[in-house]
Trainee: 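Can you read through this structure? Questions will come right after.
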Amino acid sequence: MGRGVVPRRGRAGDEQVVAVSAERAKSGDGAGADVPADDAGASDPVDRPERDARPPALAVVVSLVAAAIASLTAFLAAPLGGALLVVATVAFVAGSVRRSHRFLARGAGLGVLGLAVAGYRGGGVEPLLVAGVALAVAWDAADHGLSVGEQVGREARTRRNVAVHAGATLLAGALSVGVVYGVYLAAAGSQPVAALALLLFGAVVLASALR
């Protein structure tokens, strides 16, 4: 190691200190020693893109297709009930776009009301049961899509998750409706009031199974 430089007093000493500092700066000696750790990466910022919290596209498509099936079958059973399910479909679209669980819940409520009106006006039991299952799938797929988008984002690989969830919902709905329809054939016959009561009971059972 070389002997340290002892600065002299006066102007000559100041010039000596400046010269030694310049030589050390050129040679890289002690470079970055006085740079704080927090400022070390300030010159090289990394821009991370903001996560897209929208629901996955597959969940939106499944919800819309199921809602369309529910609206069509309910309209064939009773036009007024089908019209209410069309409004419910619009609510599902608005809920998916605005990422609002409240809109989805209101859409589901309108859908159940549409099924009740269709049943009260004498709609066929079979199309109403199909509409009920489709409505449940539409609401659950949209609601699940919002949850997935909030947790992992739209760009994540969620197709399998959405598909499996929608399939499980469809299976649970089909089993519940099968039980309700069997009870209807065995006990209710063609009585419209009993059919309406069984449809509402089936909706409650289906919602409980999904949740």
Side-chain angles (χ1 to χ4, degrees), residues 37-76 82 84-115 126-181 199 202-211:
D38 295 339
D39 298 338
S43 61
D44 188 18
V46 178
D47 295 331
R48 297 182 178 179
E50 186 177 355
R51 187 177 64 186
D52 189 355
R54 292 179 299 171
L58 181 59
V60 177
V61 171
V62 170
S63 176
L64 292 182
V65 171
I69 294 174
S71 301
L72 178 60
T73 53
F75 187 83
L76 293 176
L84 290 175
L85 272 121
V86 170
V87 178
T89 302
V90 176
F92 288 153
V93 174
S96 298
V97 172
R98 300 186 62 176
R99 302 199 297 271
S100 172
H101 292 275
R102 181 178 300 178
F103 272 84
L104 297 182
R106 291 177 178 176
L110 284 174
V112 173
L113 178 61
L115 292 177
E126 291 82 1
L128 290 181
L129 289 176
V130 173
V133 175
L135 176 66
V137 173
W139 167 68
D140 190 64
D143 188 74
H144 181 67
L146 289 187
S147 300
V148 171
E150 293 171 356
Q151 293 176 5
V152 299
R154 191 176 194 179
E155 301 301 328
R157 297 180 179 179
T158 58
R159 289 186 177 181
R160 183 176 181 180
N161 179 276
V162 172
V164 170
H165 188 85
T169 302
L170 180 60
L171 178 60
L175 293 176
S176 300
V177 165
V179 173
V180 172
Y181 189 64
L199 284 174
V204 175
V205 172
L206 178 59
S208 301
L210 294 178
R211 288 300 173 184

Trainee: Write down the atom of G107, the atom of A88, and the distance for their closest heavy-atom approach.
Mentor: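 Taking G107 first and A88 second, the nearest heavy atoms are O-CB, 3.1 Å.
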Trainee: Are L58 and V62 close enough that some pair of their side-chain heavy atoms sits under 4.5 Å apart?
Mentor: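 The answer is yes, as the side chains (C-beta and beyond) meet within the 4.5 Å cut-off.
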Trainee: Tell me which one of V87, L135, T89 satisfies side chain to side chain contact (heavy atoms under 4.5 Å, CB included) with L110.
Mentor: V87
Trainee: Would you give the length of the straight line joining atom CG of D140 to atom OG1 of T169, rounded to the nearest 0.5 angstrom?
Mentor: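 Interatomic distance, D140 CG to T169 OG1, rounded to 0.5 Å: 3.5 Å.
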Trainee: Between atom CG of L128 and atom CD of E126, what is the distance when rounded to the nearest 0.5 Å?
Mentor: 9.0 Å
Trainee: Which residues pass the side chain to side chain contact (heavy atoms under 4.5 Å, CB included) test with F103, not counting sequence neighbours?
Mentor: A94, R98, S100
Trainee: Give a yes or no answer on whether the side chain of S63 reaches the backbone of A59 with a donor-acceptor pair at less than 3.5 Å.
Mentor: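 Checked: no pair found.
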Trainee: Which heavy atom of A131 sits nearest to which heavy atom of T73, and what is that distance?
Mentor: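 In terms of heavy atoms, the two residues are closest at CB-OG1, 3.2 Å.
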Trainee: What pairs with V65 under side chain to side chain contact (heavy atoms under 4.5 Å, CB included), at least two apart in sequence or on another chain?
Mentor: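 Partners of V65 under the side chain to side chain contact (heavy atoms under 4.5 Å, CB included) test: V61, I69.
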Trainee: Are any non-hydrogen side-chain atoms of F75 and L85 less than 4.5 angstrom apart?
Mentor: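 No, their side chains stay 4.5 Å or more apart.
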Trainee: Write down the atom of S96, the atom of V60, and the distance for their closest heavy-atom approach.
Mentor: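 Closest heavy-atom pair between S96 and V60: CB-CG2, 4.3 Å.
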Trainee: Under the side-chain hydrogen bond (donor to acceptor under 3.5 Å, both in side chains) test, which residues partner R106, sequence neighbours left out?
Mentor: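 So R106 forms no side-chain hydrogen bond (donor to acceptor under 3.5 Å, both in side chains) with any residue.
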Trainee: Find the distance between OG1 (T158) and NE2 (H144) and round it off to the nearest 0.5 Å.
Mentor: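 Result: 8.0 Å between the selected atoms.
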